[in-house]
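Remarks on the structure that follows.
No hydrogens, no waters, no symmetry mates; every other heavy atom, side chains included, goes into these values. Just so it is clear, the structure is predicted and the values come from calculations on it, not from any experiment.
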Amino acid sequence: MGNTMAREDFEWVYTDQPHADRRKEILAKHPEIKTLMKPDYNLIWIVSLMVLTQFIAFYLVKDLDWKWLMFWTYVFGSCISHSMTLAIHEISHNSAFGNGKAMWNRWFGMFANLPLGLPYSVSFKRYHMDHHRYLGGDGVDVDIPTNFEGWFFCTPLRKLVWIILQPLFYTIRPLCINPKPVSRLEIINLLVQFSFDALIYHYLGGKTMVYMLAGSILGLGLHPISGHFIAEHYMFLKGHETYSYYGPLNYLTFNVGYHNEHHDFPSVPGKSLPLVRKIAAEYYDPLPQYNSWVKVLYDFVMDDTLSPYSRIKRKLKGEVKLE
């Protein structure tokens with residue numbers, strides 16, 4: 001599994017990301033994949049049902065004992081909250097209403113954001129498009145950890161703490177790596193979200209607020225679904241930058257595990273990514289892949305050769321156009 005000692009820096013490369021070339025090659029051989037590049041209108045109803053489910057849960061937990069509140073927060077609330085962040089990921093690619101109705105997707109993203117408690121959807125889209133365009137790009141891709149993270153979180157215990165604190169690092173990393181001026185839509189997202197939070201607190205009280213906020217934080221920290229954060233791009237095998245996961249948690253995460261397929265074809269909604277794999281099996285089946293996100297988390301924590309430094313990072317060439 002690569003080196004036998006802990007990394008002291010990122011894996012620097014001076015080549016372009018592999019996804020654009022593979023996309024051209026696959027489309028030349030399988031042009032029928034272009035027919036999959038269309039909105040998934042089912043997303044509208046699935047997300048609306050998820051939001052409604054959380055609204056009902058907000059009411060049901062308001063008078064629970066604290067021990068049961070925290071139990072249901074982790075067992076149920078954290079799962080649906082993390083799933084909702086991946087619905088927002090789908091919406092950021094305009095998968096709900098299509099590219100022709102981009103603003104409809106932005107408003108729908110704010111609606112999906114409501115049960116999370118913290119404004120997220122608009123900022124996520126701005127940075128996530130950079131992640132696709134400039135994968136691993138130095139000073140641009142905020143999915144790459146900071147040097148401090150790579151240097152400090154290098155022992156099993158520290159890596160475990162790092163995983164628990166993933167929501168914190170994903171929040172502060174953009175401010176350190178690639179700060180952007182606040183947009184009008186981000187201000188609207190913030191005002192809508194905090195107005196909603198005030199209503200929840202006024203009518204349902206503090207326990208519902210704890211369920212909402214703690215569910216989001218716990219769901220994005222030490223949680224089986226959070227294995228995707230590590231599985232997607234951390235270099236478990238030298239030279240391999242993106243990895244797919246084909247296990248059952250894809251059913252809860254809009255197929256985000258099909259990550260090679262997603263980066264090759266970001267215009268294809270998650271629902272159709274298994275079909276991309278099936279059509280172009282000769283490209284995807286030989287690639288390294290996972291079947292357990294829990295095992296990914298365990299291996300990352302326990303393997304001394306793995307750390308936040310286990311990422312491919314590249315110096316960008318030419319003009320960089322940020323979202």
Quiz item: Taking Thr242 as the fixed residue, which of His263, Gln17, His233 is the one that meets the side-chain hydrogen bond (donor to acceptor under 3.5 Å, both in side chains) rule?
Solution: His233
Quiz item: Which of these passes side-chain hydrogen bond (donor to acceptor under 3.5 Å, both in side chains) with His262: Glu90, His89, His19?
Solution: His89
Centroid separation under 6.0 Å, is that true for the rings of [Y] and [X]?
{"X": "Phe229", "Y": "Tyr170", "value": "yes"}
{"X": "Phe153", "Y": "Phe169", "value": "yes"}
{"X": "Trp162", "Y": "Phe300", "value": "yes"}
{"X": "Tyr290", "Y": "Tyr246", "value": "no"}

Counting neighbours of [atom1] on [X] that are heavy atoms of other residues, nucleotides or ligands and sit closer than 6.0 Å, is the number greater than 12?
{"X": "Phe194", "atom1": "CZ", "answer": "yes"}
{"X": "Phe71", "atom1": "CZ", "answer": "yes"}
{"X": "Tyr298", "atom1": "OH", "answer": "no"}

Practice problem: Could you point out which residue of Asp138, Asp9, Asp143 forms a salt bridge (Lys or Arg N to Asp or Glu O under 4.0 Å) with Lys313? | Solution: Asp138
Quiz prompt | Check ion pair Lys180-Asp130 (N to O, under 4.0 angstrom) | solution = yes
Self-check item: Salt-bridge contact Asp264-Arg22 (side-chain N to carboxylate O under 4.0 Å)
Solution: yes
Quiz item: Would Phe55 and Phe196 count as a ring-ring contact (aromatic ring centres under 6.0 Å, His included) if you check the C-alpha gap in whole Å, the side-chain angles of each, and the deciding distance to 0.1 Å?
Solution: CA-CA 11 Å; Phe55 285 179; Phe196 174 79; 5.5 Å; yes
Quiz item: Aromatic rings His132 and His128: how do their planes relate, parallel, tilted or perpendicular, breaks at 30° and 60°?
Solution: perpendicular
Quiz item: Can you say whether the rings of His228 and Trp293 are parallel (under 30°), tilted (30 to 60°) or perpendicular (over 60°)?
Solution: tilted
Practice problem: Quick one: do Ser244 and Gln289 satisfy side chain to side chain donor-acceptor pair (under 3.5 Å)? Show the steps, please. | Solution: CA-CA 5 Å; Ser244 286; Gln289 55 194 249; over 6 Å; no
Exercise. Classify the side-chain pair Tyr211/Gln54 by whether it contains a donor and acceptor separated by less than 3.5 Å.
Key: yes
Self-check item: Residues Thr35 and Glu32: side-chain donor-acceptor under 3.5 angstrom
Solution: no
Practice problem: Evaluate the side chain to side chain donor-acceptor pair (under 3.5 Å) criterion for residues Asn189 and Gln193: first the C-alpha distance (whole Å), next the side-chain angles of each, then the deciding distance (0.1 Å), finally the verdict. | Solution: CA-CA 6 Å; Asn189 190 186; Gln193 187 62 55; 4.9 Å; no
Looking at [Y], does the NZ or CZ of [X] lie under 6.0 angstrom from its six-membered ring centre and within 45 degrees of the ring axis?
{"X": "Lys125", "Y": "Tyr127", "answer": "no"}
{"X": "Arg158", "Y": "Phe152", "answer": "yes"}
{"X": "Lys271", "Y": "Phe254", "answer": "no"}
{"X": "Arg311", "Y": "Tyr234", "answer": "yes"}

